Amino acid sequence: MGKRIVVYVTFVAVLLLGACQHPVRKTSSAETDRDTVSEKAANDRVQHIMYLYNNDLHDSLVWQAEEDMRYHEEHQKWDYYYITWLSLTEDYAFLGEITKAIQHAKDMHADAKKRHNNYGMALADFAMGLIYSIQADYREAAKCYRQALKLYPKDSNQSALNDIYHYYCEALEDVDNNVAYDSTLVEWRGVINRLTEGLEETDKSEWNVMFYRICAGHHLKHDQLAKAQQDIDSLKYWASLEMVDGGGQPTETAILHYEGELARRQRDFARALAINDEEMRLTKDHSMTSYNRALVYRSLLMEDMGSYKEALSLYKDYANQHDSLTQASNREQLNELKTRFE
């Protein structure tokens with residue numbers, strides 16, 4: 001799995017956040033103006049956090065997230081508060097700072113539980129799922145994602161649902177739970193159709209990019225190459241419409257990975273090698289998990305070409321990188337956290 005692009009979808013926020021943050025009551029025009037200003041300021045802050053996250057500006061993200069969370073708490077903007085906390089938590093996770101990521105997920109869950117905020121608890125479960133996935137414990141990851149979907153309230157911003165479904169399907173794929181995968185994919189497609197009905201194509205792009213990434217990976221894994229090509233074509237179409245500040249690289253590298261894997265399975269090794277060179281160049285200094293995926297793919301490619309010595313060397317490189325994310329101390333913390341969550 002690789003670092004995702006994060007987008008706080010404002011067309012949903014406009015429809016829902018004002019309704020869910022405050023009880024209905026009569027307000028003066030001055031109060032309405034103040035609420036409008038604080039809502040816009042909160043949304044602007046989240047968009048800035050998304051920009052920092054998508055562009056790998058970790059130090060700036062840490063500093064800004066702490067300040068923004070104080071602002072959101074003061075103004076009781078809880079959806080903004082927890083989505084900011086989630087961005088910080090998963091940024092630590094994708095950087096390989098698992099101990100810090102675990103602590104933030106644990107604190108987020110406790111904070112949301114204290115406030116009886118299901119949205120916050122859902123995002124904390126999602127964060128834990130991401131951490132388990134990075135640790136290659138996909139069964140526990142799947143449980144966390146399913147719990148996040150169960151808790152996710154319909155009166156909160158719906159944009160994170162897309163990410164939860166994406167990683168849930170990915171985890172189910174990794175444990176070969178095809179029955180659950182198929183039913184979840186149908187469920188997810190229905191959610192996308194419901195939430196994007198009547199929208200412009202550009203507003204549907206983020207939802208469909210995530211969906212077709214999963215479909216392409218699934219069909220490649222099962223050697224359904226014609227369907228995989230259709231998925232890749234759909235992915236490229238929707239990716240061309242994405243309206244994301246910076247942060248396009250995760251989708252770009254995903255497309256490269258799927259195109260390279262398709263070429264490998266078609267035994268077009270020259271093209272597969274060229275694509276993998278570009279994938280490794282783009283991911284090496286940006287995402288450890290995406291770079292590890294490129295290393296595994298390269299080792300498989302070398303094996304298919306009969307270069308067994310190089311394949312073994314590449315796999316050892318992957319194993320060394322992977323071990324740094326799956327230390328025993330991290331496992332112990334995850335086990336402790338699992339007990340607390342339950």
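Just so it is clear, the model here is predicted, and its values are computed rather than measured.
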Checklist entry - So, the side chain of Tyr53 versus the backbone of Leu61: is there a donor-acceptor pair under 3.5 Å, distance only? => result no
Next on the checklist: Assess the residue pair Arg115 and Glu73 against the criterion (salt bridge (Lys or Arg N to Asp or Glu O under 4.0 Å)); give the C-alpha distance rounded to whole Å, side-chain angles, the decisive distance to 0.1 Å, and a yes or no.
Outcome noted: CA-CA 11 Å; Arg115 301 183 198 279; Glu73 184 173 22; 2.9 Å; yes
Checklist entry - Would Lys221 and Asp176 count as a salt bridge (Lys or Arg N to Asp or Glu O under 4.0 Å) if you check the C-alpha gap in whole Å, the side-chain angles of each, and the deciding distance to 0.1 Å? => result CA-CA 11 Å; Lys221 179 180 178 180; Asp176 294 319; 2.7 Å; yes
Checklist entry - Which heavy atom of Asn162 sits nearest a heavy atom of Glu206, and at what distance? => result ND2-O, 3.2 Å
Checklist entry - Does Tyr308 offer a backbone N or O that forms a donor-acceptor pair with the side chain of Glu310 under 3.5 Å? => result no
Item to check | Whether Glu279 side chain and Ala254 backbone form a donor-acceptor pair below 3.5 Å | outcome: no
Checklist entry - When clusters are formed by joining ILVMFWY residues with side-chain heavy atoms under 4.5 Å apart, either directly or through shared neighbours, do Trp63 and Leu86 land in the same one? => result no
Item to check | Step-by-step salt bridge (Lys or Arg N to Asp or Glu O under 4.0 Å) determination, Asp231 to Lys227 | outcome: CA-CA 6 Å; Asp231 295 331; Lys227 289 184 178 180; over 6 Å; no
Checklist entry - salt bridge (Lys or Arg N to Asp or Glu O under 4.0 Å) between Glu173 and Arg213: does it pass, once the steps are laid out? => result CA-CA 13 Å; Glu173 183 80 77; Arg213 282 179 64 171; over 6 Å; no
Item to check | Phe269 atom CZ, neighbour heavy-atom count above 12 within 6.0 Å | outcome: yes
Next on the checklist: Do Gln229 and Asp233 pair up side chain to side chain, a donor and an acceptor below 3.5 Å, judged on atom types alone?
Outcome noted: yes
Checklist entry - Trp78 vs Tyr81 aromatic rings, parallel, tilted or perpendicular, using cut-offs 30° and 60°? => result perpendicular
Checklist entry - Between Asp111 and Tyr82, does any side-chain donor sit less than 3.5 Å from a side-chain acceptor? => result yes
Item to check | Interatomic distance, Asp79 atom CG to Asn43 atom CG [nearest 0.5 angstrom] | outcome: 11.5 Å
Item to check | Interatomic distance, Ile102 atom CD1 to Ile98 atom CD1 [nearest 0.5 angstrom] | outcome: 6.5 Å
Item to check | Side chains of Arg265 and Glu261 in contact at under 4.5 Å (non-hydrogen atoms) | outcome: yes
Checklist entry - Counting N and O atoms only, with roles assigned by atom type, does the side chain of Ser87 sit under 3.5 Å from a partner on the main chain of Ile83, one being a donor and the other an acceptor? => result yes
Item to check | Steps toward side-chain contact (heavy atoms from CB on, under 4.5 Å) verdict (Tyr92, Gln103) | outcome: CA-CA 10 Å; Tyr92 276 123; Gln103 187 62 51; over 6 Å; no
Checklist entry - Does the distance from a Lys or Arg side-chain N to an Asp or Glu carboxylate O, for Arg70 and Glu67, drop under 4.0 Å? => result no
Next on the checklist: Test side-chain contact (heavy atoms from CB on, under 4.5 Å) on Leu312 and Glu303; report intermediate values, then the result.
Outcome noted: CA-CA 8 Å; Leu312 178 60; Glu303 184 178 349; over 6 Å; no
Item to check | Distance, nearest 0.5 Å, that separates NE2 of His219 from CD1 of Ile232 | outcome: 11.5 Å
Checklist entry - Could you give the distance from CG (Leu235) to OG (Ser240), rounded to the nearest 0.5 Å? => result 10.0 Å
Item to check | Any side-chain donor near an acceptor of the partner, Glu170 and Tyr145, under 3.5 Å | outcome: no
Next on the checklist: Side chains of Asn276 and Arg281 only: does a donor on one sit below 3.5 Å from an acceptor on the other?
Outcome noted: no
Item to check | Pairwise distance NE2(His109) to CG(Asp125) - rounded to 0.5 angstrom | outcome: 5.0 Å
Checklist outcome for this item: Shortest non-hydrogen pair, Ala122 vs Ala148, comes out as O-CB, 3.3 Å
Next on the checklist: I'd like to know whether the aromatic ring centres of Tyr132 and Tyr138 sit less than 6.0 Å apart in this structure.
Outcome noted: no
Item to check | Joint cluster assignment, Tyr237 & Ile255, ILVMFWY side-chain distance < 4.5 Å | outcome: yes
Checklist entry - Do the rings of Phe126 and Tyr167 sit parallel, tilted or perpendicular, given the 30° and 60° boundaries? => result tilted
Checklist entry - Side chain of Asn208, backbone of Trp238: donor and acceptor closer than 3.5 Å? => result no
Checklist entry - Do the numbers put Arg264 on top of the ring of Tyr297, so that NZ or CZ is under 6.0 Å from the six-membered ring centre and no more than 45° off the axis? => result no
Checklist entry - Where the side chain of His218 meets the backbone of Ile214, is there a donor-acceptor pair that is under 3.5 Å apart? => result no
Checklist entry - Taking atom types as modelled, is there a side-chain donor on Tyr80 or Glu39 under 3.5 Å from an acceptor on the other? => result yes
Item to check | Spacing of OG belonging to Ser234 relative to CD belonging to Gln230, to within rounding of 0.5 Å | outcome: 7.5 Å
